[in-house]
Amino acid sequence: MLPKAYEPQEVEQKLADKWQKAKLFAAQADKNKKPFVIVIPPPNITGALHMGHASTNTLQDVLIRAHRMFGEDAYWVPGTDHGGIATQNVIEKKLAKEEHKSRHDLGREAFVKTVWDWYHDCGNAIFNQFRKMGWSLDLSDIRFTMDEKRAKAVYECFRQWWEKKYIYRGKRLINWCVRCSTALSDIEVEHEQHAGKLWHLRYKGEDGSDGIVIATTRPETIYADAAIAVNPKDERYQKMVGKKVIIPLANRAIPIIADEAVELGFGTGALKITPAHDATDYEVGQRHNLPIMTVINDKGKMINCPEKYLGMDRELCRKETVKDLDAAGLLVKEEKYNNAVSTCYRCHSAIEPFMSEQWFVKMDEIAKPAIQAAESGELQFHPANWKNPFLNWLKNIQDWCISRQIWWGHRIPVWYCRHCSEKGLTFATDQQGHEQLTKVSFEDGAQPIVSYNKPEKCPVCGGHDLVQDPDVLDTWFSSALWPMSVFGWPEKTPEMEHFYPTSVMVTGYEILYLWVARMVMTGLQFTGKLPFKDVYLNGIVRDKHGQKMSKSKGNVIDPLDMTAKYGTDAVRFSLLMQAVPSKDIPYSEESITGARNFCNKIYNASRFILMNMEGIQGPLAMPTDITELADKWILDRFNNAIKTAREGILKYNLALTANTLYHFLWGDFCDWYVELAKQRFQTAEKEKVMALCVNILYGTLKALHPLIPFITEEIAASLRPYVGEKEEFLLNQSYPQFNPAWCDKEAVRKMEIIQGVTREIRTIRAQFNVPPGLKITAVLSAKDEADLAVVKAYEGYIKLMAKADNLQIGVNLEKPKQTATAVFENIAIYVPLTGLIDFEKERKRLEKDLAAAKANIASREARLAQENFIKHAPKEQIEKTKDELAAAKMALAQVTASLEDLA
RNA sequence: GGGCAGUUGGCGCAGCGGUAGCGCGUCCGCCUCACACGCGGAAGGUCACAGGUUCAAAUCCUGUACUGCCCACCA
């Protein structure tokens with residue numbers, strides 16, 4: 001005997017191994033089949049699987065599995081991302097914790113090797129977790145953004161962009177993360193509202209006058225001030241433009257200038273201009289040819305400032321400066337102020353705008369084809385409202401800062417001859433005594449040689465002393481090439497030929513610009529084709545209150561804990577039930593129990609059907625001579641469910657698929673069909689009923705398989721002999737097809753009546769506490785014979801489902817004494833309950849019905865009285881309203897009569 | 001400052017032109033021989049607000065108010 005409750009753990013382990021052994025997930029690369037391809041958003045090798053992976057990868061898996069069952073050559077391409085800064089940070093923390101060492105203690109070479117070792121350990125661990133989740137990735141060939149093929153793609157892109165002069169090096173004000181000690185691109189900077197302060201500071205006139213008062217949030221940068229700017233229209237200051245004021249504490253004179261960038265109404269109307277430490281100020285400085293002074297270095301320490309503050313941390317210097325200004329009587333005012341602080345998206349420390357020479361990509365030309373593709377609709381977003389933000393970003397695209405001053409990543413493929421580039425190169429000796437190139441300056445004459453490998457010799461002087469640029473590329477540089485590089489681009493490989501472009505990109509909306517936009521741009525530029533035509537943006541998994549999950553909040557749900565506790569299918573299904581494109585998923589353990597319960601329901605329904613199969617010889621084909629109402633009805637319901645389930649998959653609305661199949665299996669199949677079938681198991685019809693049960697159940701399992709692969713595979717294996725299926729794996733079978741012959745509106749209508757009457761009787765039973773074992777009599781009466789045709793024909797159904805052992809059905813039957821009454825459409829229902837009736841309760845029930853009937857009559861009559869309604873509304877609508885009115889009138893009469901009887 | 005979502009029973013959501021559905025929770029009754037991770041039933045909503053379009057609006061349009069997110073150089 002099978003256990004009463006489904007126990008997933010053992011089953012899942014067994015099946016995951018079996019699938020992998022059978023190489024079930026390998027692409028067939030069958031040229032006759034339409035390819036359906038998804039490249040996985042490569043997870044960073046930074047650690048454990050989280051709910052975000054669980055969500056997005058489950059969506060992809062459902063699509064891949066479903067399309068495979070649709071008969072396509074489905075291929076889900078696995079891989080991981082080296083994850084640049086994020087990974088370097090993790091390894092540095094690990095080093096610090098375990099060995100109390102910094103990366104500098106190890107040296108560059110040893111550090112990079114450490115990260116590679118980590119990758120070899122962690123990479124496999126990630127995919128073992130993926131396998132546990134049942135994700136149908138072909139793990140025989142796992143890509144990595146840093147492996148040789150992907151590195152070649154990165155180089156090829158760099159080379160082509162260099163040749164086109166899209167890549168350049170320049171000195172700019174860039175976003176510098178002091179903690180990660182690297183430059184970041186604009187979109188790697190996040191803006192957080194921060195409760196800060198606005199300080200009003202007095203800059204005295206050079207001539208000894210009161211000078212001018214400015215407002216700033218960053219007093220520690222006053223030492224780098226190059227001017228004070230006012231709006232040219234500002235009457236208060238017009239006379240002062242051109243005069244000079246003294247920077248407090250620094251005692252240096254700077255001019256007052258006029259510039260449109262200054263907002264009239266803000267602060268004091270006067271703005272200190274610090275070109276080296278603020279992006280707006282930098283532009284103002286450019287316009288006015290102001291000198292650029294840097295007072296904060298790459299470590300966040302003060303330089304080039306009054307001696308007192310030299311070497312001080314920028315935060316401390318702010319406090320000290322304010323204190324000293326106050327003491328000097330130059331702090332006019334201090335007010336609370338909420339400003340947006342730029343922070344690093346990896347470590348959330350405050351970003352320092354920083355002057356430095358970096359590598360950039362000129363983006364405007366590259367963006368053009370992408371803009372065109374989105375505008376023309378060739379590129380489709382799901383949901384569509386991401387199109388405009390996408391376009392808006394592309395149309396205002398900024399040059400991309402691609403160099404990072406970290407060690408883990410694709411080294412910039414540029415070399416310098418120490419002889420020819422002498423003055424442009426700065427070297428330092430590291431802690432291991434190795435001489436390292438630390439800084440490159442094109443301004444000072446560094447000459448680039450673009451090459452993947454170290455060149456033999458300098459093309460200019462023939463010298464052999466060549467060194468590689470110390471920086472690495474932004475991790476998103478290799479990600480941008482992912483849909484091509486996974487297939488071996490730039491080589492013309494068969495995979496590239498067959499699988500590119502891919503079918504759909506499934507990823508989170510939070511990386512639309514960071515990643516999706518860049519893939520679109522590179523794909524179009526290098527292949528002339530979009531890397532995918534559909535972009536499905538999934539939401540973020542949040543906690544049940546809509547808060548982002550984070551370790552610090554302690555609201556993280558670990559998917560592996562949950563799969564251990566409830567089974568993988570339950571975790572998958574709970575996510576899918578809520579998978580509406582682009583909507584965040586509020587997630588809690590309760591939503592998993594709901595899905596677990598559903599899995600258990602499937603298991604038990606199957607167990608019941610298998611029990612009843614004992615002694616029956618399979619296979620049983622789906623019967624073709626369907627005459628019984630229940631059979632016609634369930635086929636219609638099944639057919640509909642299958643159709644909607646497929647539509648949901650094609651429209652990327654997997655919540656629709658999940659909900660449809662859930663309600664079909666539980667609400668229709670289990671609650672009504674199987675319940676009705678129980679009675680027929682005792683008759684000669686048994687085999688036919690079993691044939692239907694087994695085939696419909698099997699079909700439902702197939703339809704559910706992409707969503708919950710384990711339990712469906714497990715049960716289908718037991719069912720297979722009975723449906724005559726030879727193929728071992730559901731994934732290799734075809735998805736159930738909509739069958740027009742099974743549509744039967746009439747059967748659905750008849751069942752509606754039976755279910756309606758049954759429910760009324762059940763309600764009466766429940767309200768008057770009729771003991772479950774007590775069979776009752778029910779009287780069904782109507783004015784017309786026609787209204788009773790269905791209940792007469794299927795009285796057996798009602799008797800069984802309502803637990804009535806006697807039904808009296810007839811036209812205008814008399815209402816018995818001591819009776820509870822109800823109405824369903826045109827049918828009056830009397831249930832005599834001698835001794836069980838609580839008259840007060842019954843009156844309340846009836847009065848409620850009375851009010852409802854009256855309200856219904858009033859609204860229908862009002863509508864039908866409207867000339868315009870009759871004139872404009874479609875015929876069916878008018879008919880429907882008339883029918884409803886008739887039914888309401890009938891109900892009113894019935895309820896009124898019953899109330900009178902009570903009195 | 002601009003843009004995009006959301007606002008539906010206690011909670012979480014679906015519906016997106018014919019006057020409301022689901023899951024959880026609550027309450028009542030059931031260990032009914034597949035399932036108490038279950039079965040039957042009930043209570044609970046004038047679909048944020050104000051206008052408009054329409055015979056008809058939760059559903060379309062306009063505006064308002066909150067909530068969340070994204071973008072932007074107001075120090």
Side-chain angles (χ1 to χ4, degrees), chain A residues 2 4-6 173 187 191 198-199 214-218 221 229 261-274 278-284 337 339-340 353 383 385-386 388-389 392-393 396 509-510 512-513 540 542 544-546 566 570 574 577-578 580 582-588 590-591 593-612 653 655-656 659 662-663 667 670-671 674-675 678 758-759 762-773 801-803 855-856 859 863 866-874 876-878 880-881:
Chain A
L2 290 162
K4 272 179 122 181
Y6 174 60
L173 195 68
I187 40 175
H191 303 273
L198 188 64
W199 287 276
I214 60 96
T216 182
T217 54
R218 301 205 57 192
T221 64
V262 183
E263 198 88 10
L264 274 164
F266 189 85
T268 64
L271 171 66
K272 72 187 205 64
I273 300 299
T274 319
D278 183 278
T280 311
D281 293 9
Y282 178 76
E283 282 169 28
V284 175
Y337 181 65
N339 62 335
N385 47 289
W386 283 102
N388 283 332
N392 185 47
W393 186 77
N396 296 295
Y509 58 76
E510 72 276 12
L512 183 63
Y513 312 131
I540 295 169
R542 294 169 179 276
K544 63 175 160 184
H545 305 295
Y566 299 104
S574 61
M577 289 285 275
Q578 301 181 73
V580 176
S582 175
K583 288 205 81 167
D584 290 350
I585 299 175
Y587 203 64
S588 63
E590 291 95 89
S591 59
T593 49
R596 187 269 320 264
N597 294 352
F598 177 57
C599 291
N600 194 241
K601 188 73 183 176
I602 300 172
Y603 173 78
N604 272 295
S606 308
R607 196 162 66 106
F608 181 66
I609 286 165
L610 280 166
M611 266 170 50
N612 281 286
N653 186 345
L656 178 65
N659 280 297
Y662 176 99
H663 285 114
C670 290
D671 289 350
V674 173
E675 288 304 320
K678 279 179 180 173
T758 300
R759 286 197 183 101
R762 282 174 172 178
T763 301
I764 289 170
R765 290 191 70 112
Q767 300 241 306
F768 294 104
N769 296 331
V770 178
M801 300 304 281
K803 289 185 177 160
N856 277 337
S859 82
R863 202 182 308 168
Q866 279 180 52
E867 213 179 296
N868 278 330
F869 177 68
I870 306 297
K871 220 193 280 176
H872 296 284
E876 317 88 76
Q877 197 56 41
I878 297 169
K880 195 181 155 209
T881 310

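The chains referred to below are lettered A, B, ... by the order of the sequence lines, with proteins before strands, and numbering in each begins at 1.
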Residue-phosphate contact under 4.0 Å: [X] side-chain N/O, [N] OP1/OP2:
X	N	answer
A:Tyr509	B:A5	no
A:Asn612	B:A34	no
A:Lys803	B:G29	no

Pairs counted only when both distances fall under 3.5 Å, Watson-Crick or G-U: show me the 5' to 3' dot-bracket for RNA chain B, [ ] for pseudoknotted crossings and | for other-strand partners.
((((((((.[[[[.)..(..]]]].(((((.......))))).....[[[[[..)....]]]]])))))))....

Which is true for [X] with a 4.0 Å heavy-atom rule: it touches a base, it touches only sugar-phosphate, or it touches nothing?
X	result
A:Tyr337	sugar-phosphate
A:Glu675	base
A:Pro771	nothing
A:Tyr282	nothing

Could you write nucleotides 39-44 of chain B as a row of B, S and -, 5' to 3', where a protein heavy atom under 4.0 Å of any base atom gives B, of only sugar-phosphate atoms gives S, and otherwise -?
SSSSSS

If a protein heavy atom is under 4.0 Å from the base, mark B; if only from the sugar-phosphate, S; if neither, -; do that for nucleotides 8-16 of chain B going 5' to 3'.
----SSS--

For residues A:Thr221 and A:Lys272, is any side-chain donor paired with an opposing acceptor at under 3.5 Å?
yes

Which residue lies more 5' along RNA chain B, comparing A:Thr268 with A:Lys678 via nearest heavy atoms:
A:Lys678

Which is more 5' along RNA chain B, the nucleotide nearest A:Trp393 or the one nearest A:Lys272? Just name the residue.
A:Trp393

As a test of reading the structure: which of B:C30, B:A34, B:C22 is closest to the side chain of A:Phe608, going by heavy atoms?
B:A34

Please determine, for the side chain of A:Asn597, which listed nucleotide (B:C55, B:A75, B:C37) has the closest atom?
B:C37

Measure from [atom1] on [X] to [atom2] on [N] and round the result to the nearest Å.
X	N	atom1	atom2	answer
A:Leu512	B:C70	CG	C1'	10 Å
A:Asp278	B:A75	CG	C1'	7 Å
A:Ile540	B:C69	CD1	P	9 Å

